Amino acid sequence: MWTKQLSFIKPRKSLQDEPEKIEVESESSVKSLPAKHSPPRELTQTGELLLNAFEFAPICTMILTATGDILKANRAFYNTFGYWESNLPDLKFEELVQINDLEIVNEKITQLLTGKETVSTIDMRFRHKQGHLLWTTWAASSNTSGLTNSKHLIFQLQSVAHRKRAEQRIIPSTMHDQLNGLPDRVSLMERLEVAFKISKKQPTKQLAVLYLNYERYELLHSDGANEELNDNLALKISERLESALRSGDTVARLNGDEFAILLENFEDDKELPQIIERLQKQMLQPVPLEDQDIFINLCIGAALWTPDYERPELLLRNANTAFHQAKRMGRGHSEIFNSETHKRASFLQQLENDLKQALERNEFCLYFQPIINLEDSRLSGLEALIRWQHPKLGQISPMEFISIAEEIGLISSIGMWVLRESCRYLNEWHTNHENSAKVWISVNVSGKQLVDVDFPNQVSQVLDESGIAPESLKLEITESSAIKNMDSAENILSQLNQLGVHLSVDDFGTGYSSLSNVHRLPVNSLKIDRSFLMNTQESEENWEIIKTIMNMAQSLGLEVIAEGVETSTQVVRLLTLGCKLGQGYYFAQPLEVAAIDHLFTELQNNSESQTSN
Ligand code: C2E
Ligand code: MG
Ligand code: MG
């Protein structure tokens, strides 16, 4: 094996003493040639030209024997790696190679020497004399000396930073990775291919691919358009990721906020969850950048190599599938690919295909959940909640399909359908039931709709068409989507505010934001996330949070609605804290249109019988 011989580098005389000898191996043959005449002048000139071309080439170049001895290196090599020519006789090639990369080098060299490849390229780390690693693009070829019939290897190593700079000249700025020095998708795939072959030959050498992206939440102003800040942030994140890994692992930036990591050479499958946990922990502390504290959360999908993998790209694909699964589960989740993930991914793919036709096939319907005034138990509002009546799978929860609709760009049309239908129903109830006059309708709005500049116009049109008063419509936006798109949200929400529509922050308390952040937005109310109440029996801590939210909301003049109210004790406790509105199974589940009609009629009958008594 070539790598076994890497350490066998025989001491040689300093080439500085004999600058004219390029190919040491051919020395003896040259001597044995009949030297009847001195070479013609042109040949000497050509030789000198070639020697200079080698010496002064801007790319690091080395010539090696088939057994790994470095025969010659040029000036660019010495400058880049910090060596002197006099170091060459004692320098072993393996000293330049990162220990984990030795097998990859071996694999590549064997392919060259056996003629399976004529040129081999890969992005690899090489070690500087000072010990630090440099990312380089490595191109190697082999040739056979006609004189001695011995094989040589010609290595050219180029700093990736140079390549990236060259790319920047020819590729529009939006397409290149500003993070010079980090491998990209192509380099990752090259390394993965080699590592894959090694694991195939030696199955104990474990291999895993991680696919991850980060989302940012800063407490102060977010300027999504600041490309430099985004790149600096990505750079800091990549450094944090690297610090949680071993030096042999590869972090590659795929695009924008997406990274992939190749973990090589670990021996125990159980290490993978630990590595993922370590990566997540790295992001617990905010990233300080340009006097801001940026909160980061990572979603990670991972695929662990097993002998039945047939192609390396399947590992990356499965890591990506697991990543999407993790993303659907919510912020900061991670998922390791397994057969269940596969089944789930196929199911979601099916949902995605069917979802595209669901709107035109009239498969959606709306349920409405009462929002109750806790002081007098009166019906105050109704929250519209979408359901999908799938022809084969039955009723599907919005928790399953809203995120898919967001991903595939269907959420705006579905959201508009919900808005139109909700306003139409409310108008019918207002017309048909006297006692419904003050009841409002709450409609959920996706974060994706909040970046659509046409959204306020569309809302205005729906209000005109339906004939309901703007103050009868409450739009619910989730805390995280508003914070994530703060600038655009601020602008769109203030236009909606001017229309007279009421705005509410949904699922409050689950994001990273503070009330002061919410105060920047022109919102009128907060909905405390249902998770605080669903657990309250066990958790006094949650009540403390509710209390804090109540105090702050009151000081900001915001109305509060408690979601997920399930018991009468909760109602009493909420009232003591000053919370006047509640929604939850204690009062009613989400109800069909017919049930709401029935409810209004019943309420009417009750109040009539009370007045007649
Ligand atoms: P949400 O807006 O926070 O809606 C409240 C959810 O809490 C509803 O789930 C409701 O059924 C559930 N819930 C209400 N009371 C209780 C309770 O006492 N205990 C418990 N455990 N749960 C309760 P649902 O209908 O499954 O909706 C889930 C989420 O889907 C909604 O959360 C909302 O974020 C989203 N969603 C629903 N309809 C739409 C829509 O038309 N557009 C958009 N963008 N999202 C929607
Ligand atoms: Mg809601
Ligand atoms: Mg909610």
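This structure is a prediction, so every number in the text was calculated from the model and none was measured. Read the numbers this way: they start at 1 and go in the same order the structure lists the ligands and their atoms.
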**Study point:** Crowding at CD, Gln554 (>12 non-hydrogen neighbours, <6.0 Å)
**Key:** yes
Exercise for review: Output the list of atoms in ligand 1 that are nearer than 4.0 Å to some heavy atom of Met399, sorted by atom number.
Suggested key: 28 (C), 29 (C)
Check your understanding: Aromatic rings Phe401 and Trp388: how do their planes relate, parallel, tilted or perpendicular, breaks at 30° and 60°?
Key -> perpendicular
Practice item. Give a yes/no answer: is there an N/O/S atom of Asn444 under 2.8 Å from the Mg ion (ligand 2)? Key: yes
Exercise for review: Report yes or no: does Glu563 contribute a side-chain atom to a donor-acceptor pair with the main-chain N or O of Arg530 at less than 3.5 Å?
Suggested key: yes
**Study point:** Nearest option to atom 19 (N) of ligand 1, as decided by whichever heavy atom of Glu566, Gln570, Arg530 sits closest
**Key:** Glu566
Revision key, fill the gap. Atom 42 (N) of ligand 1 has as its nearest protein heavy atom Asn444 O, 3.6 Å
Check your understanding: Does the shortest distance from the Mg ion (ligand 2) to an N/O/S atom of Glu563 fall below 2.8 Å?
Key -> no
Revision key, fill the gap. Asp507 heavy atoms within 4.0 Å reach ligand 1 at atoms 3 (O)
Check your understanding: Does ligand 1 have an atom that lies less than 4.0 angstrom from a heavy atom of Glu406?
Key -> no
Return all side-chain donor-acceptor pairs below 3.5 angstrom for residues 463-473, not counting sequence neighbours, or 'none' if the list is empty.
from, atom 1, to, atom 2, distance (Å)
Ser466, OG, Val462, O, 3.1
Ser466, OG, Leu463, O, 3.3
Ser466, OG, Ile468, N, 3.3

Review point. Heavy-atom contacts under 4.0 Å between Asp529 and ligand 1: side chain, backbone, both, or neither?
Key: neither
Practice item. Go through ligand 1 atom by atom and flag the ones less than 4.0 Å from a non-hydrogen atom of Gln369. Key: 10 (C), 14 (C), 15 (N)
Review point. Which N, O or S atom name in Asp506 marks its closest approach to the Mg ion (ligand 3)?
Key: OD1
Study note, to complete from the structure: The answer for which part of Ile386 has a heavy atom under 4.0 Å from ligand 1 is both
Point to revise | Residue part near ligand 1, for Asp506, under 4.0 Å between non-hydrogen atoms | key: side chain
Point to revise | Heavy-atom donor-acceptor pair, His433 side chain to Asn435 backbone, under 3.5 Å | key: no
**Study point:** Side-chain donor or acceptor of Arg378 paired with backbone N/O of Asn373 under 3.5 Å
**Key:** no
Check your understanding: Sub-3.5 Å donor-acceptor pair from the side chain of Gln570 to the main-chain atoms of Thr567, do we have one?
Key -> yes
Check your understanding: Considering only heavy atoms, which of Tyr586, Tyr585, Phe364 lies nearest to atom 13 (N) of ligand 1?
Key -> Tyr585
Review point. Measuring to the Mg ion (ligand 2), does Glu383 have an N/O/S atom at a distance below 2.8 Å?
Key: yes
Study note, to complete from the structure: One finds that the ligand 1 atoms under 4.0 Å from a non-hydrogen atom of Val565 are 18 (O)
Revision key, fill the gap. Atom 8 (C) of ligand 1 sits nearest the protein heavy atom Leu385 CD1, 3.9 Å
Exercise for review: Indicate, as side chain, backbone, both or neither, the part of Val418 found under 4.0 angstrom from ligand 1 when only non-hydrogen atoms are considered.
Suggested key: side chain
Exercise for review: Check for a donor-acceptor pair, side chain of Asn524 on one end and backbone N or O of Leu503 on the other, with a separation under 3.5 Å.
Suggested key: yes
**Study point:** Centroid-centroid distance, Phe295 to Tyr214, less than 6.0 Å
**Key:** no
Check your understanding: What orientation do Trp429 and Phe368 show, parallel under 30°, tilted 30 to 60°, or perpendicular over 60°?
Key -> perpendicular
Revision key, fill the gap. Answer key: the N, O or S atom of Asp507 nearest to the Mg ion (ligand 3) is OD1
Point to revise | Proximity of Gln589 to ligand 1 by residue part, where a heavy atom lies under 4.0 Å | key: neither
Study note, to complete from the structure: Here the N/O/S atom of Glu476 closest to the Mg ion (ligand 2) would be OE1
Review point. Any nitrogen or oxygen of Arg387, main chain or side chain, under 3.5 Å from a nitrogen or oxygen of ligand 1?
Key: yes
Practice item. May I ask whether Pro590 places a heavy atom under 4.0 Å from ligand 1? Key: yes
Exercise for review: Using a strict cut-off of 4.0 Å, indicate which atoms of ligand 1 neighbour a heavy atom of Met534.
Suggested key: 20 (C), 21 (N)
Practice item. Please say whether Gln583 places an N or O atom under 3.5 Å from an N or O atom belonging to ligand 1. Key: no
Check your understanding: Got a sec: does the NZ of Lys356 have more than 12 other heavy atoms crowding it under 6.0 Å?
Key -> yes
